[in-house]
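Below is one structure; the comments refer to it alone.
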Amino acid sequence: MSFGLQFKMVPGQVISQAFYQERPLPKTFLDKARKKDPEAFRFLHEGYISSLENGSFNKAIGSRANDLLEWVKKQKEAKQMIREAELHKKGVEKQWNGLKEKLLPWIEELSGFQLPDFSLPVYVLHPKQRAGHYIANPPRIYWATGDKWKNYSSVYMCHEIMHFLTEKPGHNVRHAVLHAIIELATDNEIRIRLNKAPRKYTLEGHVELKVLREKCYPHWKKYLEKKTYRNILELAAHCSEKVKKK
């Protein structure tokens, strides 16, 4: 056994996300579903997936929500959305499988951690939906976004795998600093290597982490050139001290 990603598309997840984000199902269709059972619709709209995962819902409303989901699945609008989500899943999986032999060694090199023997699930949603995050318990990735630039999905699989490798209990690291360093490692360094882009960091990543990325960048550059720390957790701990507010 070795490390790998297991790509899945679960229709119920895609549909419930459409209620939650109100995309990509047409508003007229959502209005129709809302009228069919307003309380069940509100339950779906307010976070069905998270409620199912932590069991924090009234079983009666949960049953009605499932009934509403089953009705939605049979409608042509939902069937089209599920077909598109399945095509997206296949595209993300194909891209990753074509690049993983190159990407996995880079992840180990840049993170300083060895990938374990583990199959990490990736739940792919519709490309017009918004999702791109790692959840630790149990370990899994949610992904929706279509490619914004060349090999976008695969670069962000590397990003989420970095979270999988580094979200360890007891480390003395500010999460935002670690996240900024993961963006330097994947959204920037791996993107540049993979796409043979000019060796110039654009400091790609979340807008709210821009200042932290800029502050961490000189430390990241030294880590990249001289391997000043054993892994990015140690680097992040160092940066947490250097960039913390006075």
Side-chain angles (χ1 to χ4, degrees), residues 5-54 56-57 61-96 120-136 140-161 163 179 183 186-187 191 204-210:
L5 297 180
Q6 183 182 10
F7 293 89
K8 304 178 181 183
M9 191 286 296
V10 180
Q13 289 180 346
V14 176
I15 292 170
S16 59
Q17 193 78 356
F19 278 86
Y20 176 62
Q21 295 184 352
E22 297 196 349
R23 63 172 68 183
L25 288 173
K27 186 178 183 302
T28 51
F29 179 80
L30 290 170
D31 288 342
K32 185 178 176 182
R34 184 183 287 108
K35 288 177 182 177
K36 191 168 183 64
D37 189 333
E39 288 186 14
F41 182 93
R42 185 168 60 251
F43 174 75
L44 291 166
H45 182 67
E46 290 174 356
Y48 173 73
I49 293 177
S50 60
S51 296
L52 281 183
E53 286 171 349
N54 61 32
S56 61
F57 64 92
I61 193 64
S63 176
R64 285 165 56 188
N66 280 325
D67 289 343
L68 186 56
L69 279 178
E70 288 303 314
W71 176 82
V72 170
K73 283 181 187 178
K74 297 173 184 175
Q75 310 308 307
K76 64 179 182 180
E77 294 89 344
K79 288 179 178 180
Q80 176 64 24
M81 179 179 65
I82 295 304
R83 282 194 294 270
E84 291 169 357
E86 178 62 26
L87 283 174
H88 183 46
K89 191 269 288 186
K90 289 179 179 178
V92 172
E93 184 173 19
K94 182 179 179 182
Q95 184 186 105
W96 172 260
L120 183 61
V122 180
Y123 294 98
V124 181
L125 304 172
H126 191 281
K128 290 185 179 178
Q129 294 173 334
R130 293 190 302 269
H133 55 277
Y134 167 73
I135 296 177
R140 64 209 185 277
I141 294 169
Y142 285 104
W143 182 252
T145 313
D147 277 3
K148 295 181 179 179
W149 29 261
K150 185 180 177 183
N151 298 318
Y152 183 86
S153 296
S154 294
V155 169
Y156 273 89
M157 288 303 106
C158 297
H159 180 119
E160 304 308 335
I161 291 169
H163 282 297
H179 198 172
E183 290 182 335
T186 57
D187 308 31
R191 173 183 56 83
E204 185 82 19
H206 289 80
V207 172
E208 66 272 19
L209 294 177
K210 182 176 183 293

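- Shown here are the ring pair (Phe, Tyr, Trp, His ring centres under 6.0 Å) partners of His88, two or more places apart in sequence or in another chain: there are none.
- When only modelled atom types and interatomic distance are considered, Gln95 and Ser153 share no side-chain donor-acceptor pair under 3.5 Å.
- To the nearest 0.5 angstrom, Ile15 atom CD1 is 7.5 Å from Leu25 atom CG.
- Going from atom CZ of Arg64 over to atom CZ of Phe43 covers 11.0 Å, rounded to the nearest 0.5 Å.
- Among residues two or more places apart in sequence or in another chain, the side-chain hydrogen bond (donor to acceptor under 3.5 Å, both in side chains) test is passed with Lys148 by none.
- Residues Leu209 and Glu183 form a side-chain contact, since some pair of their non-hydrogen atoms from C-beta on lies under 4.5 Å apart.
- Residues satisfying the side-chain hydrogen bond (donor to acceptor under 3.5 Å, both in side chains) criterion with Glu77, sequence neighbours excluded, are absent altogether.
- Without hydrogens or angle criteria, Asp37 side chain to Ala40 main chain gives a donor-acceptor distance under 3.5 Å.
- The closest donor-acceptor contact from the side chain of Trp71 to the backbone of Lys73 lies at 3.5 Å or more, if one exists at all.
- Using a cut-off of 4.0 Å between Lys/Arg side-chain N and Asp/Glu carboxylate O, Lys89 and Glu86 are scored as salt-bridged.
- Note that the CZ atom of Phe7 and the CD atom of Glu93 stand 6.0 Å from one another [nearest 0.5 Å].
- Lys36 is linked by a side-chain hydrogen bond (donor to acceptor under 3.5 Å, both in side chains) to nothing, counting only residues two or more places apart in sequence or in another chain.
- Donor-acceptor pairing under 3.5 Å is lacking for the side chains of His159 and His133.
- Among residues two or more places apart in sequence or in another chain, the side-chain hydrogen bond (donor to acceptor under 3.5 Å, both in side chains) test is passed with Asp67 by none.
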Show the atom names and distances, to 0.1 Å, of all donor-acceptor pairs under 3.5 Å that link a side chain in residues 123-132 to residues at least two apart or in another chain.
unit_1: His126; atom_1: ND1; unit_2: Lys128; atom_2: N; d: 3.0
unit_1: His126; atom_1: NE2; unit_2: Glu84; atom_2: OE1; d: 2.6
unit_1: Gln129; atom_1: OE1; unit_2: His126; atom_2: N; d: 3.1
unit_1: Gln129; atom_1: NE2; unit_2: Val14; atom_2: O; d: 3.0
unit_1: Gln129; atom_1: NE2; unit_2: Arg23; atom_2: O; d: 3.2

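- Looking at Asp31 and Lys27, a side-chain N of the basic residue comes within less than 4.0 Å of a carboxylate O on the acidic one, giving a salt bridge.
- How far OH of Tyr142 is from CZ of Arg140: 4.5 Å, rounded to the nearest 0.5 Å.
- Atom CG of residue Leu120 and atom CD of residue Glu160 lie 9.5 Å apart, to the nearest 0.5 angstrom.
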